[in-house]
A.B. asks: 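What follows is a single structure, and I will ask about it in a moment.
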Amino acid sequence: MVIGDGILTPAISVFSAVSGLELSMSKEHHKYVEVPVACIILIGLFALQHYGTHRVGFLFAPVVLVWLLCISAIGLYNITHWNPHVYQALSPYYMYKFFRKTQRGGWMSLGGILLCITGSEAMFADLGHFSQLSIKIAFTFLVYPSLILAYMGQAAYLSQHHIIESDYRIGFYVSVPAILAAVVGSQAIITGTFSIIKQCSSLGCFPRVKIIHTSSKIHGQIYIPEINWLLMVLCLAVTVGFRDTRRMGNASGLAVITVMLVTTCLMSLVIVLCWQKSVFLAIGFVFFFGTIEALYFTASLTKFLEGAWVPIALAFIFLIIMCVWHYGTLKKYEFDVQNKVSINWLLSLGPSLGIVRVRGIGLVHTELVSGIPAIFSHFVTNLPAFHQVLVFLCIKSVPVPHVKPEERFLIGHIGPREYRLYRCIVRYGYRDVHKDDMEFEKDLVCSIAEFIQSESVAPGSVNEDLVKDDDKMTVVGTCSSHTEGVQMREDDADKIEAAGPSELKEIWSPPPVIKLRKRVRFIVPKSPEIDTGAREELQELMEAREAGIAYILGHSYVKAKQGSSLIKKLVINYGYEFLRRNSRLSTYALSVPHASTLEVGMIYHV
């Protein structure tokens with residue numbers, strides 16, 4: 001519903017504001033102008049989104065401030081000029097009197113006044129973009145008083161001019177032109193939509209999309225290009241399709257009140273589970289606010305055939321997409337966990353793993369932070385050869401702007417040292433720039449060498465526990481972060497005679513059988529000493545680095561297993577597969593060098 005709200009709110013806000021142009025031109029000209037003008041403004045609004053909330057907010061904040069001050073000042077003028085006694089309308093008695101007099105008609109009219117509170121539902125979604133305190137201060141001391149004064153002023157004006165049809169219909173535009181403010185008002189729900197989709201994607205409930213973090217300081221300020229342009233297209237479709245503020249208002253009103261009603265129900269859970277307050281307080285909260293919102297909700301449902309069907313249709317489509325993606329992702333993860341290779345299976349193969357170990361380093365990309373992925377056993381079963389050094393690489397994004405270079409890598413052995421199997425978890429902040437493949441390879445190999453050296457000098461660090469527990473990891477930084485530790489140099493073949501620093505010991509790899517373009521050497525500190533096993537491990541790592549690095553990417557195809565129901569086959573074989581093919585690959589998969597990449601396909605029967 002929030003996504004549907006993100007489509008409908010900009011459309012209704014801009015179109016209704018453009019409708020105010022009717023005051024300055026003939027009706028014949030106006031009907032040809034309002035739709036193109038609204039579409040141009042909407043395109044401009046969505047085109048600005050890539051600058052980020054902080055830049056757009058810097059541009060829009062003065063507009064909002066001037067707008068609120070204007071409507072509050074004009075509201076005060078209208079109150080004093082037309083009807084000073086309108087303040088009595090703040091009393092709930094008149095609400096009761098209104099319903100007693102109008103009865104069913106008054107209840108049905110509630111669906112038409114929902115637009116006066118639209119936008120407030122976006123505050124919860126916008127918490128990722130702004131702090132709680134800033135929202136509280138802005139809403140309590142500026143937004144709420146300004147809106148109350150503006151509506152009281154309109155009520156005062158209409159109380160003296162309700163006889164004239166034209167004044168009743170567009171009484172608001174007699175006071176203030178609203179186009180620019182309507183554009184600004186649409187911004188909150190658009191940024192809120194980005195936040196909701198990012199959270200859904202993180203929970204595995206929405207297909208992967210490109211998320212651009214536009215701020216180094218605030219994690220929640222994001223921009224999603226695909227969603228932005230999709231919202232724009234749907235928003236234009238609604239504007240061109242309806243061309244009527246009444247039907248747009250009915251559609252937007254139902255979306256708004258549904259979001260509010262769901263938020264109220266979820267807030268009751270927050271009161272009990274997060275704030276640890278009494279259940280009776282939560283029930284009272286739901287009863288008080290839920291009753292008011294339920295009245296509005298039921299009134300909006302009566303407008304179903306007059307435009308209110310649109311948010312329900314949009315919500316239903318997005319719900320199907322999210323359910324299909326979540327179900328497929330869950331089944332795929334369950335298959336990964338159930339079919340990951342155990343350490344015991346690995347140990348039974350011996351140091352050679354029962355296969356031919358060829359020269360080089362193999363980087364096996366996996367989403368698992370423990371265990372060995374099924375893709376590995378699938379590969380070696382069908383092609384019994386692998387690299388002499390194997391690294392199971394897992395790329396993780398963490399919710400901080402930058403990860404310090406000295407905390408970039410988590411490295412550990414899988415099995416005994418002579419197996420030459422490593423697990424490496426690489427951590428990136430959401431504002432970190434991923435290095436090119438050459439720099440990344442150098443940092444990775446150097447960090448593994450530093451890990452080998454640190455393991456050899458730490459007493460008791462390599463023991464039987466390491467064989468049984470492959471989850472033991474060590475934090476290792478990049479080359480630049482440990483200048484006192486192991487350093488790696490790569491030289492052209494004709495420059496390998498260059499001498500290293502006299503105070504350091506150098507470990508050289510033996511002359512190769514064939515001529516190589518590069519020779520690799522590790523420079524380790526003279527103190528502390530490293531044992532023979534670690535020296536051999538470093539030498540083998542150098543030989544493997546000289547032979548080159550291959551990137552092995554798992555490419556899984558999820559299929560419903562035989563005997564599955566027709567619905568499951570449709571969901572997995574067609575729905576999830578379509579979404580998977582059209583969703584964005586992981587950042588790692590997009591950055592690896594294609595010449596050194598090997599994709600291993602595997603069908604998951606779930």
Side-chain angles (χ1 to χ4, degrees), residues 201 204 207-211 325 328-329 331-341 346 353 355 357-397 408-411 414 420-428 432 434-445 447-448 544-545 547-559 576-606:
S201 185
R208 287 187 298 268
V209 290
K210 183 179 183 181
I211 297 174
W325 181 262
T329 304
K331 290 297 178 185
K332 180 176 176 291
Y333 179 75
E334 286 176 356
F335 185 93
D336 271 331
V337 172
Q338 292 167 5
N339 293 274
K340 68 181 181 180
V341 181
L346 194 69
L353 301 184
I355 56 177
R357 302 294 290 267
V358 297
R359 296 191 68 200
I361 298 175
L363 295 183
V364 183
H365 183 246
T366 175
E367 297 292 334
L368 299 175
V369 295
S370 64
I372 298 167
I375 208 81
F376 173 74
S377 62
H378 176 71
F379 183 87
V380 297
T381 302
N382 292 277
L383 183 65
F386 227 103
H387 300 84
Q388 67 188 106
V389 174
L390 271 179
V391 182
F392 292 95
L393 188 68
C394 181
I395 309 290
K396 289 293 179 186
S397 295
R408 175 79 65 207
F409 295 96
L410 274 172
I411 300 177
I414 298 178
R420 307 298 188 247
L421 296 179
Y422 306 93
R423 182 183 310 286
C424 179
I425 299 172
V426 188
R427 299 178 292 186
Y428 286 102
D432 279 330
H434 291 223
K435 295 184 177 181
D436 60 63
D437 53 286
M438 294 301 292
E439 281 293 315
F440 176 76
E441 289 174 8
K442 184 178 178 181
D443 277 345
L444 178 64
V445 175
S447 298
I448 294 174
R545 177 68 183 101
I549 293 181
Y551 295 81
I552 295 94
L553 301 180
H555 197 81
S556 56
Y557 298 88
V558 181
K559 298 288 183 185
Y576 179 75
E577 184 63 17
F578 174 80
L579 293 174
R580 186 193 63 78
R581 287 179 181 274
N582 291 279
S583 63
R584 186 170 287 270
L585 294 172
S586 65
T587 308
Y588 174 77
L590 293 171
S591 61
V592 297
H594 297 294
S596 307
T597 302
L598 178 66
E599 279 199 0
V600 182
M602 184 176 178
I603 297 177
Y604 286 16
H605 291 284
V606 298

A.B. asks: Apply salt bridge (charged side-chain N to carboxylate O under 4.0 Å, His left out) to Arg427 and list each qualifying residue two or more places apart in sequence or on a separate chain.
C.D. replies: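 Salt bridge (charged side-chain N to carboxylate O under 4.0 Å, His left out) check on Arg427 returns nothing, list empty.
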A.B. asks: What pairs with Val358 under side-chain contact (heavy atoms from CB on, under 4.5 Å), at least two apart in sequence or on another chain?
C.D. replies: Val356, His387
A.B. asks: For Tyr557, check side-chain hydrogen bond (donor to acceptor under 3.5 Å, both in side chains) against everything at least two apart and list the hits.
C.D. replies: His555
A.B. asks: Sequence neighbours excluded, which residues qualify as side-chain contact (heavy atoms from CB on, under 4.5 Å) partners of Lys332?
C.D. replies: Asp336, Ser556, Val558, Tyr576, Tyr604
A.B. asks: For Pro207 and Ser583, work out which heavy atoms get closest and say how close.
C.D. replies: CB-CB, 4.0 Å
A.B. asks: Any heavy-atom pair between the side chains of Thr366 and Ile375 that's under 4.5 Å?
C.D. replies: no
A.B. asks: When you compare the side chain of Val389 with that of Tyr422, does any pair of heavy atoms fall below 4.5 Å?
C.D. replies: yes
A.B. asks: Please list, chain by chain and in numerical order, all residues satisfying side-chain hydrogen bond (donor to acceptor under 3.5 Å, both in side chains) with Glu577, sequence neighbours excluded.
C.D. replies: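 For Glu577 the side-chain hydrogen bond (donor to acceptor under 3.5 Å, both in side chains) partners, ignoring immediate neighbours, are Arg580, Arg581.
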A.B. asks: Taking only residues two or more places apart in sequence or in another chain, which ones pass side-chain hydrogen bond (donor to acceptor under 3.5 Å, both in side chains) with Arg420?
C.D. replies: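 If we apply the side-chain hydrogen bond (donor to acceptor under 3.5 Å, both in side chains) test to Arg420, skipping adjacent residues, the hits are Glu540.
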A.B. asks: List the atom of Arg423, the atom of Ile414, and the distance in Å for their closest heavy-atom pair.
C.D. replies: NH2-CD1, 3.6 Å
A.B. asks: Within a strict 4.5 Å, meaning less than it, do heavy atoms of the Ile549 and Phe440 side chains meet?
C.D. replies: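 Of all side-chain heavy-atom pairs linking Phe440 with Ile549, none is under 4.5 Å.
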A.B. asks: How far does SG of Cys424 sit from CD1 of Ile411, to the nearest 0.5 angstrom?
C.D. replies: 4.5 Å
A.B. asks: Do the side chains of Val606 and Glu334 get nearer than 4.5 Å, heavy atoms only?
C.D. replies: no
A.B. asks: Residues two or more places apart in sequence or in another chain: which of them pass side-chain contact (heavy atoms from CB on, under 4.5 Å) with Cys394?
C.D. replies: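 Counting only residues at least two positions away or on another chain, Cys394 forms a side-chain contact (heavy atoms from CB on, under 4.5 Å) with Val369, Lys396, Ile425.
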A.B. asks: Which atom pair, heavy atoms only, marks the closest approach of Ser201 to Val209?
C.D. replies: OG-N, 4.5 Å
A.B. asks: Could you pull out all residues at least two apart from Lys210 that satisfy side-chain contact (heavy atoms from CB on, under 4.5 Å)?
C.D. replies: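 Applying side-chain contact (heavy atoms from CB on, under 4.5 Å) to Lys210 gives Ile212, Pro225, Glu226, Arg584.
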A.B. asks: Listed by chain and number, what are the side-chain hydrogen bond (donor to acceptor under 3.5 Å, both in side chains) partners of Thr329, not counting sequence neighbours?
C.D. replies: Trp325
A.B. asks: Are Leu444 and Leu363 side-chain neighbours, meaning at least one heavy-atom pair lies under 4.5 Å?
C.D. replies: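 They are in contact (side-chain heavy atoms under 4.5 Å apart), so the answer is yes.
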A.B. asks: Decide side-chain contact (heavy atoms from CB on, under 4.5 Å) for Phe386 and Val364; before the verdict, give the C-alpha distance in whole Å, the side-chain angles of both, and the deciding distance to 0.1 Å.
C.D. replies: CA-CA 11 Å; Phe386 227 103; Val364 183; 3.9 Å; yes
A.B. asks: Partners of Phe409 by ring pair (Phe, Tyr, Trp, His ring centres under 6.0 Å), sequence neighbours excluded?
C.D. replies: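 In terms of ring pair (Phe, Tyr, Trp, His ring centres under 6.0 Å), with neighbours along the sequence ignored, Phe409 is linked to no residue.
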A.B. asks: Could you go step by step and tell me if Asp443 and Arg408 meet the side-chain contact (heavy atoms from CB on, under 4.5 Å) rule?
C.D. replies: CA-CA 10 Å; Asp443 277 345; Arg408 175 79 65 207; over 6 Å; no
